[in-house]
Colleague: 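Structure provided below as structure tokens; questions to follow.
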Amino acid sequence: MNVNQHSPHPDHDPFGLSAFSRGLYIGGAWLPSVGEGRIQVIDPSTEAVIAAVPDATLADAAAAVEAAAGAAESWRETPPRKRSEILRRCFELVVERSETLARLISLENGKALRDARGEVAYAAEFFRWNAEEAVRISGEFGIAPAGGNRIVVDYQPIGVCVLITPWNFPAAMATRKIAPALAAGCTVILKPASETPLTAYALAALYEEAGVPPGVVNVMTTSTPGPVIAAMLADPRVRKLSFTGSTGVGRTLLAEAAKNVISCSMELGGNAPFIVFDDADIDAAIDGLMVAKMRNAGEACTAANRIYVQSAIHDAFAEKFTRRMAALEIGPGVDPNTECGPMITRKAVEKIDRLVTDAISRGARALCGGRTLAGPGFFYPPTVLVNVSPASDMGHEEIFGPVAPLYRFESESEVIAAANDTEYGLAAYIYTRDISRGVRVASKVEAGMIALNRGLVSDPAAPFGGVKQSGLGREGGQHHGIAEFMEAKYIATSF
């Protein structure tokens, strides 16, 4: 298995990255940081510096809140149809610029170009879906049980929102928050991950072109997220925090938000089980697993992390699956032949290597991969492990990489207990030809989302979120996503 040859990008900026690193986007203007600091952006395929973006300070954070608060009343009063039309234009522009955005994502994130194209299509869909939902926000009207008065419930924008997104889906995680917030009538401040800021700034320019008024969407990058976010959450005008990231950081943010009783939506870590019963279509299950495990090279909170295969088919499944994994082409994301790109940082590779080394020390065997790769770039090969001990660290931690540990199981009750033996509960996957069994197991597995006989669970029209330590609230869905950005106001009347 070889890594495609690649070399650092020349200094003359062939990708036009300077257009996406010109400043913080605050109040409809591109501004330098007050402290004039810069954050370097690294190409994970080459370890070369490809751009630098402003490093926001506390003063910049205050300016962003001021801009969002200043635009709040006007945007709140903007007719739903007008907001809908702007969101629809955002959708059209993302689709129109899809290839440019996909290449930008591949360059700064490292994901395979095919995955980046899929992400852009997914990101665009949040604008189209919420454009359609913006005009369907309705209230409630009823008669009080005792009679004599009426109950009127009005749904209103919650206010200024702070949105924090991760590096693994730099476009989709932003639009999944921004689109429903704008549809609801809120103004926002987006703090994207410092590893992948260029996509967020490219999208900010697109929003401006689509007609989003100044101050409605603000984007700022910072190398000191703790104090910067804390300062924004301390401002009484900020009423919502929406975060996607690790459970550990989520707990810290929840504690910070509690100081001012700020509404929180948390999409946190996962440890997804992928269950294959002996009556499953093995080829279909492997096709699904290649998506559930290897989309974005495994760097996803919904990635299959613990693969349970019933004993009767375990060995045949492992053999076929290993052939598929070993055949994947490793290389830089922007190479159209790449099927598995680099990890986001050297630290990420070191974590994966630690988990694999621990598993092997406890008796696991690597059928393919299992060792770090030499050369530039943060690469780790697609890896299949068998005889994995449930006590291994990777059974309890997110792998966040292209490593697939296989576990044998005998009975339905055994695998349900194993699947639920985790603090997480985001996604789960089940393969069986017996639909009754599939539904029965799905009802008992503790996860917010279940994929039955399919390897992809996400859909803008479905509520995305988890249970237990995997988060609070939902994103997407017919009304769930917008509801997170609204407050219910009850009006008692006797008319």
Colleague: How would you list, by chain and number, every residue that makes a salt bridge (charged side-chain N to carboxylate O under 4.0 Å, His left out) with D393, sequence neighbours excluded?
Modeller: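 Only R354 meet the salt bridge (charged side-chain N to carboxylate O under 4.0 Å, His left out) criterion with D393.
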Colleague: How would you list, by chain and number, every residue that makes a side-chain hydrogen bond (donor to acceptor under 3.5 Å, both in side chains) with R346, sequence neighbours excluded?
Modeller: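 Per chain and number, R346 pairs via side-chain hydrogen bond (donor to acceptor under 3.5 Å, both in side chains) with E47.
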Colleague: For S106 and K111, test the side chains for any donor-to-acceptor distance below 3.5 angstrom and give the result as yes or no.
Modeller: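 There is no such pair (donor and acceptor under 3.5 Å, judged by atom type) between the side chains of S106 and K111.
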Colleague: Would you be so kind as to tabulate the donor-acceptor pairs closer than 3.5 Å made by side chains of residues 442-452, with sequence neighbours excluded?
Modeller:
from : atom 1 : to   : atom 2 : distance (Å)
S443 : OG     : R440 : O      : 2.6
E446 : OE1    : K468 : NZ     : 2.7

Colleague: Enumerate the salt bridge (Lys or Arg N to Asp or Glu O under 4.0 Å) contacts for residues 198-207, please, sequence neighbours excluded, ordered by first and then second residue.
Modeller: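 Every pair satisfying salt bridge (Lys or Arg N to Asp or Glu O under 4.0 Å) with a residue in residues 198-207: there are none.
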Colleague: Check ring pair (Phe, Tyr, Trp, His ring centres under 6.0 Å) between F169 and all other residues, then give those that pass, not counting sequence neighbours.
Modeller: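 Ring pair (Phe, Tyr, Trp, His ring centres under 6.0 Å) check on F169 returns nothing, list empty.
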Colleague: Is E423 salt-bridged to R251, going by a charged N under 4.0 Å from an acidic O?
Modeller: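 Answer for the salt bridge query: yes.
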Colleague: With a 4.0 Å cut-off, would you call R136 and E133 a salt bridge?
Modeller: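 Here R136 does not pair with E133 in a salt bridge, since their nearest N and O are not under 4.0 Å apart.
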Colleague: Kindly state each residue pair satisfying salt bridge (Lys or Arg N to Asp or Glu O under 4.0 Å) with at least one member in residues 159-173, sequence neighbours excluded.
Modeller: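 Pairs touching residues 159-173 that pass the test: none.
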Colleague: Take atom CD in E99; do more than 12 heavy atoms of anything else shown fall under 6.0 Å from it?
Modeller: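 Counting neighbours around CD of E99, more than 12 heavy atoms of other residues, nucleotides or ligands fall under 6.0 Å, so yes.
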Colleague: Does anything in residues 167-177 form a salt bridge (Lys or Arg N to Asp or Glu O under 4.0 Å)? List the pairs, not counting sequence neighbours.
Modeller: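 Listed by first then second residue: R176-E267, R176-E475, K177-E475.
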Colleague: Among residues at least two apart in sequence or on other chains, which ones pass side-chain hydrogen bond (donor to acceptor under 3.5 Å, both in side chains) with Y155?
Modeller: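 With neighbours one apart ignored, the set is E140.
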Colleague: Going by the rule salt bridge (charged side-chain N to carboxylate O under 4.0 Å, His left out), which residues pair with K191 if we only count those two or more places apart in sequence or in a different chain?
Modeller: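 For K191, no residue satisfies salt bridge (charged side-chain N to carboxylate O under 4.0 Å, His left out) once neighbours in sequence are set aside.
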Colleague: In terms of side-chain heavy atoms, does D55 have a donor or acceptor partner in S33 at a distance below 3.5 Å?
Modeller: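 On atom types as modelled, these side chains do not qualify, holding no pair under 3.5 Å.
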Colleague: Can you give each donor-acceptor pair under 3.5 Å made by side-chain atoms of residues 123-132, sequence neighbours left out, with the distance rounded to 0.1 Å?
Modeller:
from : atom 1 : to   : atom 2 : distance (Å)
E125 : OE1    : R128 : NH2    : 3.0
E125 : OE2    : R128 : NE     : 3.0
E125 : OE2    : R128 : NH2    : 3.3
W129 : NE1    : G477 : O      : 3.0
N130 : ND2    : F126 : O      : 2.8

Colleague: Does any pair with a residue in residues 57-78 pass salt bridge (Lys or Arg N to Asp or Glu O under 4.0 Å), and if so which ones, sequence neighbours excluded?
Modeller: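 Output for this query lists E66-R237.
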Colleague: Y201: which residues meet the side-chain hydrogen bond (donor to acceptor under 3.5 Å, both in side chains) condition with it, sequence neighbours left out?
Modeller: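 For Y201 the side-chain hydrogen bond (donor to acceptor under 3.5 Å, both in side chains) partners, ignoring immediate neighbours, are T221.
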